[in-house]
Amino acid sequence: MQTQLQSITMDRIDNLDKKILNIIMKNARIASKDVAVECGVSRAAIHQRIQRLTEMAVITGSGYNVNPKALGYNTCTYVGVSLEKGSLYREVVRELEKIPEVVECHYTTGPYSMLIKVYAKDNQHLMELLNDKIQHIAGVTETETLISLEQSMNRQIYIPVDE
């Protein structure tokens with residue numbers, strides 16, 4: 001069903017939509033008139049296209065990116081979480097949502113049931129998050145922590161435009 005929906009969505013996206021997406025993914029604050037100039041269409045056309053892409057759930061949000069380090073969160077960590085049983089995933093997610101420092105959560109295959117991204121102020125704060133919060137969630141049996149030394153890349157998916 002999901003693949004069928006994705007196929008229907010991709011069939012409804014033309015080259016202009018792809019150009020618009022590539023432009024606004026680089027700079028969400030770009031003015032519609034500037035997107036229109038770059039695409040060679042009217043501002044109204046850009047507005048209509050963005051509205052339609054939003055209604056189709058191709059565009060799923062908007063906002064600003066905040067630099068965690070500027071707020072004192074200097075340690076970015078990925079934590080592999082093992083669960084007692086996979087069926088506990090949704091319950092564990094509800095508990096993780098209560099921890100503001102957990103910013104991403106993925107249900108995964110491989111050695112972990114889940115992979116979460118956590119920001120901590122320092123290693124002491126990280127230890128408290130792991131020992132006092134994450135590892136105390138019912139169903140969590142084990143965690144493995146990987147500290148990110150540097151984020152070298154962060155981007156949205158590129159959408160090829162047919163020539």
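In what follows, every heavy atom counts, from backbone to side chain, and hydrogens, waters and symmetry copies are set aside.
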Residue pairs meeting salt bridge (Lys or Arg N to Asp or Glu O under 4.0 Å), one or both in residues 84-97, sequence neighbours left out, come to Glu95-Lys98
Item to check | Hphob cluster co-occupancy, Ile134 + Ile147, side-chain heavy atoms under 4.5 angstrom | outcome: yes
When rounded to the nearest 0.5 Å, the distance separating CE of Met56 from OG1 of Thr54 is 10.0 Å
(message) Taking CG in Asn65 as the centre, count heavy atoms belonging to other residues, nucleotides or ligands within less than 6.0 Å. Is the count above 12?
(response) no
Would you give me the side-chain donor-acceptor pairs under 3.5 Å for residues 136-143, sequence neighbours excluded?
from	atom 1	to	atom 2	distance (Å)
His136	NE2	Asn131	O	3.0
Thr141	OG1	Ser82	O	3.2
Thr143	OG1	Gln135	NE2	2.7

Around Lys19, counting heavy atoms of other residues, nucleotides and ligands shown, do more than 12 lie under 6.0 Å from its NZ? no
Scanning both residues in full, the closest heavy-atom pair of His125 with Ala120 reads ND1-CA, 3.4 Å
Any donor-acceptor pair under 3.5 Å from Asp17 side chain to Asp14 backbone: yes
Rounded to the nearest 0.5 Å, the CG atom of Leu88 sits from the CG atom of Leu83 at a distance of 6.5 Å
For this session: Determine, step by step, whether Ile13 and Leu53 satisfy the side-chain contact (heavy atoms from CB on, under 4.5 Å) criterion, reporting the C-alpha distance in whole Å, the side-chain angles of both residues, the deciding distance to 0.1 Å, and the verdict.
Result: CA-CA 8 Å; Ile13 296 175; Leu53 290 166; 4.3 Å; yes
### Query
Is there a chain of hydrophobic side chains (I, L, V, M, F, W, Y, each step under 4.5 Å between heavy atoms) that links Leu115 to Leu130?
no
### Message
Side chains of Val81 and Ser113, heavy atoms from C-beta outward: is any pair under 4.5 Å?
### Response
no
Residue pairs meeting ring pair (Phe, Tyr, Trp, His ring centres under 6.0 Å), one or both in residues 43-88, sequence neighbours left out, come to none
The reported gap from CD in Glu38 to CD1 in Ile46 (rounded to nearest 0.5 angstrom) is 9.5 Å
Here the pair of heavy atoms bringing Arg43 nearest to Ala36 is N-CB, 3.7 Å
Do the non-hydrogen side-chain atoms of Val79 and Leu129 ever get within less than 4.5 Å of each other?
no
| Under the 3.5 angstrom rule, does the side chain of Asn15 hit a backbone N or O of Asp162 as a donor-acceptor pair? | yes
Minimal heavy-atom distance between Leu96 and Val102, with the atoms involved, is O-CB, 4.0 Å
To the nearest 0.5 Å, atom CZ of Arg52 lies from atom CZ of Arg12 at 6.0 Å
Of all heavy-atom pairs linking Tyr119 and Cys76, the shortest is CE2-CB, 3.6 Å
| Is there a donor-acceptor pair under 3.5 Å between the side chain of Asn22 and the backbone N or O of Tyr158? | no
| message | Test of understanding: clusters of I, L, V, M, F, W, Y form through side-chain heavy atoms closer than 4.5 Å, transitively. Do Ile116 and Leu146 belong to the same one? | response | no
CD of Gln156 to CE of Met25, rounded to nearest 0.5 Å, is 6.0 Å
Residues Arg49 and Ile20: closest non-hydrogen pair is CB-CD1, 3.6 Å
Assigning hydrophobic clusters by single linkage (Ile, Leu, Val, Met, Phe, Trp, Tyr; side-chain heavy-atom cutoff under 4.5 Å), is Val37 placed with Ile30? no
Interatomic distance, CD@Glu101 vs OG1@Thr75, rounded to 0.5 Å, equals 11.5 Å
| said: Working note: Asp122 + Asn74, criterion side-chain contact (heavy atoms from CB on, under 4.5 Å); need CA distance, chi angles, decisive distance, verdict. | reply: CA-CA 6 Å; Asp122 52 32; Asn74 296 304; over 6 Å; no
- Does Ile59 reach the side chain of Leu21, with side-chain heavy atoms less than 4.5 Å apart? yes
In one Ile/Leu/Val/Met/Phe/Trp/Tyr side-chain cluster, 4.5 Å: Ile99, Tyr89: yes
**Message:** Please determine whether side-chain contact (heavy atoms from CB on, under 4.5 Å) holds for the pair Met114 and Val93, giving the CA-CA distance in whole Å, both sets of side-chain angles, and the decisive distance to 0.1 Å.
**Reply:** CA-CA 9 Å; Met114 305 166 69; Val93 168; 3.9 Å; yes
Heavy-atom side-chain contact between Lys121 and Leu71 under 4.5 Å = no
